[in-house]
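When reading the values below, keep in mind they use all heavy atoms of this one structure, side chains included, and skip hydrogens, waters and symmetry mates.
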Amino acid sequence: MTDSTKKLEELFKVVQTTSDIRARSELYKFYMNCKHVVIAINKEEVECRRLKKVTPKYTDLQKELEESVKVFEHWVILAKLMY
């Protein structure tokens with residue numbers, strides 16, 4: 001299991017433990033954005049193994065995932081304050 005997959009599981013647990021349905025709905029949307037990036041990373045990992053080197057697309061996707069996770073974490077804080 002890769003680090004990105006573990007991080008995705010942690011984010012999903014946060015969504016599940018959110019009590020307010022409105023906040024959970026918003027957080028789920030951000031979670032799905034992160035999930036789509038993780039799926040793209042997993043596909044690109046296959047390409048990296050095939051080429052036996054790290055591709056620029058893979059590094060870009062890693063940065064995109066980091067940014068998506070930051071946005072998700074900010075929304076978790078905002079959702080707790082709002083609801």
Chemist: Can you tell me how far CG of Leu27 sits from NZ of Lys29, rounded to the nearest 0.5 angstrom?
Modeler: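 Interatomic distance, Lys29 NZ to Leu27 CG, rounded to 0.5 Å: 10.5 Å.
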Chemist: Hey, are Glu47 and Arg50 close enough for a salt bridge, meaning a charged N less than 4.0 Å from a carboxylate O?
Modeler: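 A salt bridge is present here (some side-chain N lies under 4.0 Å from a carboxylate O).
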Chemist: I'd like to check the side chain to side chain contact (heavy atoms under 4.5 Å, CB included) partners of Thr55; sequence neighbours left out, ordered by chain and number.
Modeler: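 Only Glu44, Cys48, Leu51, Lys57, Tyr58 meet the side chain to side chain contact (heavy atoms under 4.5 Å, CB included) criterion with Thr55.
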Chemist: Could you list the residues that satisfy side chain to side chain contact (heavy atoms under 4.5 Å, CB included) with Arg49, not counting sequence neighbours?
Modeler: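 So Arg49 forms a side chain to side chain contact (heavy atoms under 4.5 Å, CB included) with Glu45, Val46.
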Chemist: Tell me which donor-acceptor pairs under 3.5 Å the side chains of residues 63-83 have, and how far apart each pair is, sequence neighbours excluded?
Modeler:
{"unit_1": "Ser68", "atom_1": "OG", "unit_2": "Glu64", "atom_2": "O", "d": "3.0"}
{"unit_1": "Glu73", "atom_1": "OE2", "unit_2": "Lys7", "atom_2": "NZ", "d": "3.4"}
{"unit_1": "Tyr83", "atom_1": "OH", "unit_2": "Glu26", "atom_2": "OE2", "d": "3.1"}

Chemist: Just how far is it from atom CG of Leu61 to atom CD1 of Ile39, taken to the nearest 0.5 Å?
Modeler: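 So the gap between those two atoms works out to 12.0 Å.
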Chemist: Report all side-chain donor-acceptor pairs from residues 10-21 shorter than 3.5 Å, counting only partners two or more places apart or in another chain.
Modeler:
{"unit_1": "Thr17", "atom_1": "OG1", "unit_2": "Lys13", "atom_2": "O", "d": "3.1"}
{"unit_1": "Thr17", "atom_1": "OG1", "unit_2": "Val14", "atom_2": "O", "d": "3.1"}
{"unit_1": "Thr18", "atom_1": "OG1", "unit_2": "Val14", "atom_2": "O", "d": "2.8"}
{"unit_1": "Asp20", "atom_1": "OD2", "unit_2": "Arg22", "atom_2": "N", "d": "3.2"}
{"unit_1": "Asp20", "atom_1": "OD2", "unit_2": "Arg22", "atom_2": "NE", "d": "3.4"}
{"unit_1": "Asp20", "atom_1": "OD2", "unit_2": "Ala23", "atom_2": "N", "d": "3.2"}

Chemist: Between atom OG1 of Thr5 and atom CG of Asn42, what is the distance when rounded to the nearest 0.5 Å?
Modeler: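 Spacing of OG1 (Thr5) from CG (Asn42) equals 5.0 Å.
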Chemist: What distance separates Asp3 CG from Leu8 CG, expressed to the nearest 0.5 Å?
Modeler: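 Asp3 atom CG to Leu8 atom CG measures 12.5 Å (nearest 0.5 Å).
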